[in-house]
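Structure first, then comments.
In what follows, chains carry the letters A, B, and so on, assigned in the order in which the sequence lines appear, proteins first and then strands, with residues in each chain numbered from 1.
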Amino acid sequence: MSPLRHALLNRTRFAITIVALVGIMSPGRAQSPLPPDSWVLGNAWMSTWTPLSPIGDLPRRFPAAPPVPGLLVAPAPRMGLFWSAGNPGALAAEVDSAYAGFAVHHVALTGSYHRPLDPTDAGTTDASAAGWRRLGTRGAALGRATMGRSTFDGSTFAVGVDPYTSSPGITTDTITSQVGRSSAALDGALGWQLGGWGMGLTAGYNALDNRSAHSPRARTGRAAQFGGAVGITRALPASLVLGVHGRGLRRVETTVTSANPQTATIYQLAGYDDVPPIDVPLGQQFYRRVQRDGSAATVSLGAHVLGAAITLWGERGVMHEAQTSMQSNNPRGDVWRTRADRTGAAAQRGWRDNRLLVSAKVERLQIDGSGARADLSGTAWLARENQTLVQTEARLVPAGSHWSAAGSFALERRTSSANDYVATLYTDVRSWMPGGAMELAFLFTPRAAVAAGYAMAAYYPLATIPKGETRGPAFQRFLAPELEFYGSRSSPRAFSLTGRLTVNPGTRLLLALRHGSLSPTGSGAPTPFAPSGTRAATDLAIAVTVGR
Amino acid sequence: MSAPGVARLTRSFRSAGLAGALIFGPILAAQAHAQESRSARGIPITGVVRDASSGAPLVGAIVRLEEGDHTAVTDSTGSYRLTGALPGPQILLVRRIAYAPHRLPITVPAAGTLTVDVRMPRVALTLEKVVVTADATARAHGELGTASVIGQDAIANQTAASLAQILELVPGVPLSAPGLDGTQQISLRAAPAVFPSGQGTSSLGSFGTLIILDGVPLSNNANLQSAGARSEIGVPTSAGGGIDLRRIPASTIERVEVIRGIPSARYGDLTQGAIVVDTRAGAVRPELLARYDPRTLEVSAVGGRAVGDAQTATLTADVAQTKLAPGVRDDEVTRFDLTLAHRATLRRAPGAADEQAGLVLDSRLEVFRLEQNSPEQPTVRPGATSFNRDHGLRLIERLRLGAADERHLQLSLALDHTTQNSGASQLKSRGALPFTDRLVEGRAIGHYLGGQYRATETLDGVPWLLYGRAESEFRSRRLDFDHRARLGAELRREWNSGPGYQFNIEFPPQTNFNGVNGFDRPRRYDAVPPMATSALYVDDRAVRELGAGVWLEAQAGLRLETLHSGSTWLSGARNAVLQPRLNVQLSPTPWLRLRGGAGRTAKSPSLDQLDPARQYYDVVNVNWYTNDPAGRLAVLTTSIRDPRNRNLGFAISDKRELGVEADLGQTGAALSLVGFSDKLSRGFGVRSLPGFLLREHFQLSDSSTTSGRPPQIIEPASSVDTVPILIDQPANNIALASRGLELTLSTPVLPLVRTKVELQGAYISSEFTFHGLDVGVGTDFGSFQQGITRRLAYWDGFSRVGERALLTTRLVHHEPELGLIVTGTFQHTFHERMHDITTGDTLSFAGYLTRSGELVAVPAASRGDPQYADIRRARVGVLTNPDVRAPDWVFSLQVSKTLPLEGKLSFYAWNAFDRLGTFAGATLAGRLYAPVRFGADVTIPFAALTAWR
C-alpha cells in the first residue's frame, strides 16, 4: 500500500461525516415522497442523536414509503441509549469501531402534486462527510458536516425555509421567484466512560441563506439553528443502564421581501384566519423574524433481555416561538408555545454472529400547542398532534452466500386537530400509513456488489376540514389546498439501485440511485382545491465509506 | 528642526559619498570587531528533530530563533546546533517541507547549553500545542516595541479572505464578516470618532498605519481616485485613507507582525503603527484552497520548491469574488493575485541555512487586480453604475550580503505600479443653468444647459512608488551589552501618471450651481508633481544581564525623515522631522517583563494634499434666459484659486507606552497589559480660507425677450459687488490624542475539556480635534454667496472624543488526535461612546464672516447682544448629549478538521447566532450586526490530488 493510500485510510478514520443532515436542509425533507432521512451514509438511526432535531414540533411531511434498508450503503442499524434515545453519555459505550463516509448527493424534485408552499421543481446538490471513532480507551467521537446548494423554481409562495411546521404563523407572498439556497450544517458528539459512569455532549449548528434570483422583487432570508445536549449514564446491576440528558435548541429565521423595483404582496398567515394582503410599496420591505427556543429532558433505560438489547425512553420538551415584523428592541409578536411528550422503545437482536439481525422501534410523540396573536388578547389557537411510529427491520447475510436480503415494515398513525378561535374553524385529520420495503443484494465478485430495493406505503386519511368555497381568497389560495392534500388518499412508492465497489478492505465506493413517487389514489369526486398530478423525487449519490 | 537648518542638512547630504560612508562604514568597521563580535555569541541550543508519528529523524529541517537570525539545519541524524541565542524567553521556530511549522516557546538559560527536541507533525491541527491566535507577547522581527505576531497556524485557522480579517486577532479590532465587502482599512489604536463634516479617525488612522508587504511599504499616497469636491456621484475608493487591505489575500500570507507600540527607527511614514506582512515563500508544500459561502467564492494555490541547491521558487495565486447584495443587486468585488518569489543563496556552506549564506537575493513579482463593479440594473436604478478597478504590478529585489547572524548589508529596491480605473454614472436632471467650460480665468459668454442626461465621470490614475533602502546590521559587545546595530537610508518617490479625473464637461456629474461655485473641471493626474522623501536612521538594540537572571534590553534609534520640496531626492527639504525612539524592557525573572517606550513617528502628506485640485468659481454676470434659445445670454467670469499649502508637512505622532508581560512559556499561559498614549499633532485636514471674488453687473443693450437675438452687455460694468468664498486648503490642522489599555490573557489548555481561553481587550479613547475656521454643517453658504444673508457665523475648531471598550474572548477546543479545532469567538463591546468637548449653544460662535471674506471676531461677552441676533444659532452637528451605543456582543464559530492526505476542512459562521444587535432607543444609539455569514473552505495538498491518479 502506498504511503498516501495508507495516510488516506488512517485519516479517513479520523474524519468527520455527514449526511443525515442533508434532510434538515434539502427540499427532500418535507416536500418529497422519499423518506426524510439521509440515505447513503445511513438511515434514520444515524440521526436520532442530533441536537438539531426539532423540539416541540411535528413537521407536516409528505407521505413517504419506508426507507429501503440499504444493505450496501450503510452499517446495520444500531440501537441504544445514544443511537435511539440520543443520550450522549452513552456514546463511548456504543461506539466500538471507526467509520467514515464522504458523499456527493443530488436530489431532484418535480411534479404538481404538492402543497401551495412547496415548489414544483427543486434540486439540491451537496457534499457531506460523517464518521465516528473511539478516542483512546475511554472516549469516542462522532461528527458530521455538510454543505449544499438548492434551487427552487418560481412556484412556491413560501417566504420562509420550512413553512410546514406545527406553528400556525407562516409568511407567504405572491412573488413566486426562483430561489437559491445555500446551507451548511455540522453536528458532533463527544463521550467518555469512567467506570460505570458515562458522560457526553453533543453540539450542532446549521445555517441557511435564501435569495431570490431573476426577480423584480427581492426575497432574502437567512436562518441559523444551534443546539446542544449534555447527558450522563450510569451502569446498574443486571446489565441495566440508566441515562439522563437535557437538550436545548434555538432557531432564528429572518426574511425580508423587498419591492425591488416592483411592488410585492405579502400574506402573513395566522392559523386559519382569512388574512388580508399586505402591500409592499416601491422601495420598502416586509420583515419577519421568527425565533424558536426549545428545551427537553429525557430519561432513558437500557437493558439486555434474552439476548436482545432493549432501550426505553421518555422525554418532555417545551418550545416557545415568537414571530414579529417590528424592527425594534423587545418587539411585540405572535406567540406559539408547545409541550411535547415523546416515549419510545427499541429492541435489537442478532443471531448467528448477527448474520440475521432484527431491529424494532416504537415511538410516540404528542404535542399540545397554544398560540396568541400580537393584535389580539387571549388564546387564538389550540392544537394537539400526535404521531405513533412502528418500524421493524430484518436483515439476513447468510454465510457463504452471494446473496443477502432485508425487509422492513413500518406503520405510522398520526392525528392532528387544531382550533382557531379567531377564524372560528376547527380541523381534524387522522391518518394511517402502513408500508413495507424489501431489498436484495448480490455479490458478483469479492469486490463488486449490487442491490435493488422496492418500498411502498398507503396513506389513509380521515379528515374533518372546512369547506374551502365558503372561505376567503387567502384561505383558498394557501390553506385549503394543503388541508385537501392531507385529506386525500395517496400511495408513495420508491425503488433503489445500488452498486458497490470494494477498493480495499474497509474502503468502499458507492453509486446509488433511488426514485420515489407519490400520487393520489382516492376514488371520490375531486374537490376544487385538492392538488392533482404526481410528485416524484430522484436521488443520486456517489460516496466513499471507510470502516465498519 | 528649522527649515533653514533642514535645507543646510539636505544640501550636505547631496554628497553621495557621505551617505555611502554612513551605510557601508559600519560594515567595514565591523570587520575590525569581528573577534569581539564572536565573543558576543550567546548560549548554544541543541536537539533532534523527529517525525511526530514515526519518530524518524528529519534531515534538512530549519531551526531558528524567532527573534534574531540564528539559524541551523538538521543533519542526517536530525540533530541541530544553534549558536548565539540570547538568554531569556525566546521562540524556537522549526520548519521543514511537508511538515507543519513548529513554534515552540523556550527559555534560554544564562549559562550552559539548552537541549530542545522537537517532534514535527505533518498537519498543524494534530500538533499538541498549535497556536491559532495572535501571540501578544512575541516581538516583531528586530523590534522591541509591543506587537502581536500572527503565525501561519493562526492564519490558516482564521476565517479570512483578506489581511483585514486576520488583523481581527489584534486587541481592539472589531470583528467583521469574512469576504471582500466594502473598502477594508485598518486603523491601529484609534477609537471611532467622526466629525459632522464626515472626516473621522478611521481615515486619518488608516492613512497613518503603515503596511509593509514582503519587506517593502505599500503606499496610498499617490492614490488620487476621488472625484472633485463638487461631484454629486461617488465612487468606491480608498483614496484619502489607508491601503485597501482586500488586495492582500489571507491565503497567501505566511506571517503578520503588528507593531502596535513604538516601532524601531527602521520604520517611517506612519503615525499609528506598522503591520509587517510576509507572504509565503521558499519551499512550501503545494496546496490548493477553495472557499465557498453564499456570497464569496475563493480559490487559491500555493507551492514552492527548491531549484538545485541554491535556489527556491514559490508561486501563490488567489482568485476571489464576493457578491455584495445577492438577490437584491448585482454588485460584486473580484480579486486576483499572483505572486512569484525567487530566492538565490550563494556562497553558502554545505548544510547551512539560507541565513548563513554570504549572499542572498530575494525577488518578488506580484500582479494583482481588485475590482468592484456595480453594473447598471435598468429595472432598479436605470443609468446608475459605478466601478473601481485597481490592477498593479510590484517588483521587489532584496540583496543581502554577509551572514545574517554576523553582519550584513541589505539592499532593497522596489517598483510598485498600479493602474486605477474608477468611474460612475447616474441620470441627472436639472433646470436650465448658465454654464461655462472655461479652463482659464477670465470672462466669457456662456450658454445654457438643462434637461435630463447621463452624467459619467472616470478617474484613471496610475500611481507609482519607487522605493529603495540600504541597511547594514552588525553586532558588537560594549559595556557588557550585546549590541545589534542597524544603520540605514531609505528613499521613496511617488507619482501618478494617469490621465486623471475626466468627464464630459457639457454633462458634468453635478446639477447644483448657485451662480458662484462653478462646476468641477477635469484634472490630469500626470500634471501633479511627484513627491520625494528620504530618511536616514540608526538603531541599536542592546541586552545585558544585570544580575542573576535579571535582564535589561533596550532599543534606541533616531530617524530623520525629509519631505523634499522638489520631485527628486536632490531637491531641498520642504519639511523634515527628527524622530527619536526608545524601547526598554526589564526582565527581573525569565517569565516577567516590564516594558516601556517613547518615540516620535511622522507621516508624509499624500500627493493630493500636496497638490490639490484647483478650485473653480464661475460667477454669473448676466443671466438672460428666454424661451427662444437664440435670445439667451449668459455671461460668466471664471476665477481659479489654488489651494496648495506650501507649509504642509509631516504629521507627527508622539507615542508613549508602559506595559507588563508575564509569559509562562511552554504552559501557554501569558498575560500582557499595555497602557499607551499617542498624540498625533499636525494631522492632515482641510482648512477653510475665507476670501472673495468681485462680481461685475452689466446693463444690457436690448432687454427685449422677443427680438430673437441675445442682448449685448454694456461695458464697463454698471456695478461690482463682492462674493464670499471659502477655499479648502489642505493643512496640518488635525490633532488626535488617543490613550488606552490593551490586555491579552491566555490560559493554558484546560486538560479536562482540552480548551484554551484567550481574552483580548482594549479600551481606547481618542480625542479628535480640528483647528481652524468652521462655518458649520448645514449652513447654506450658497445663500450667503448669493447675498441673501449679509454675514455668516463661524466657529473656532471642533473637538470630539470617541471611546470604545472591546473584549474578544476566544475559546479554542483542540482534539489533536482527531485533528479538530473548534474556535468560538465572542466579541463584547462594553462601551462605545462619542461626546463633544466643543459646545454648540447659540453663544458658541466665534465671530462672523463678511461678504468680503473678513473674519470678525465677537467677544464672548458680546455674543448675546441684539446686533448679533441674525448669526446666533445652535451649531449643527454638535452632540448635545453623548452618543452612547448599547453594549452588545456577537459570536463567531470556526471548526477546522483534518482531511485525508493531510488536507483540512474548515467551517465558519460569522454572527453564528444571527443576532440583530440593538435598535436605537430613546437614550441609546443602535448597534446592528450584519446577518449570519457562513461557509466552508477546503485545503488540499497537491500530493492528495496526484495520489488519486
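Residue A:R149 touches chain B through its side chain alone, counting heavy-atom pairs closer than 4.5 Å. In this structure, the portions of B:A912 lying under 4.5 Å from any heavy atom of chain A include both its backbone and its side chain. Contact of B:R295 with chain A is made through the side chain alone, with heavy-atom distances under 4.5 Å. In this structure, the portions of B:F913 lying under 4.5 Å from any heavy atom of chain A include both its backbone and its side chain. For a residue to count as touching a neighbouring chain, one of its non-hydrogen atoms must lie under 4.5 Å from one of that chain's; by this rule A:R250 does not touch chain B. Heavy atoms closer than 4.5 Å to chain B are found in both the backbone and the side chain of A:Q327. Proximity to chain A is limited to the side chain of B:E815, based on heavy atoms less than 4.5 angstrom apart. At a 4.5 Å heavy-atom cutoff, the contact between B:L893 and chain A is made by side-chain atoms alone.
Around atom CZ of A:R332, no more than 12 heavy atoms belonging to other residues, nucleotides or ligands sit under 6.0 Å away.
Taken to the nearest 0.5 Å, the CZ atom of B:R810 stands 10.5 Å off from the CD atom of B:Q894. With rounding to the nearest 0.5 Å, the separation of CZ in A:R181 from OG in A:S212 is 12.5 Å.
Put simply, the side chain of B:L175 reaches to within 4.5 Å of the side chain of B:S892, judged on heavy atoms.
Looking at B:R885, its side chain does come within 3.5 Å of a backbone N or O of B:G926 through a donor-acceptor pair.
Each of A:L190, A:T254, A:L135 has some count of heavy-atom pairs under 4.5 Å with chain B, and the biggest count is that of A:L135. Across B:A886, B:G921, B:P931, B:G903, the residue that shares the most heavy-atom pairs under 4.5 angstrom with chain A is B:P931.
Residues B:D937 and B:Y908 bring no donor and acceptor atom of their side chains to less than 3.5 Å of each other.
Ring planes of B:W910 and B:Y929: perpendicular class, angle over 60° (limits at 30 and 60°).
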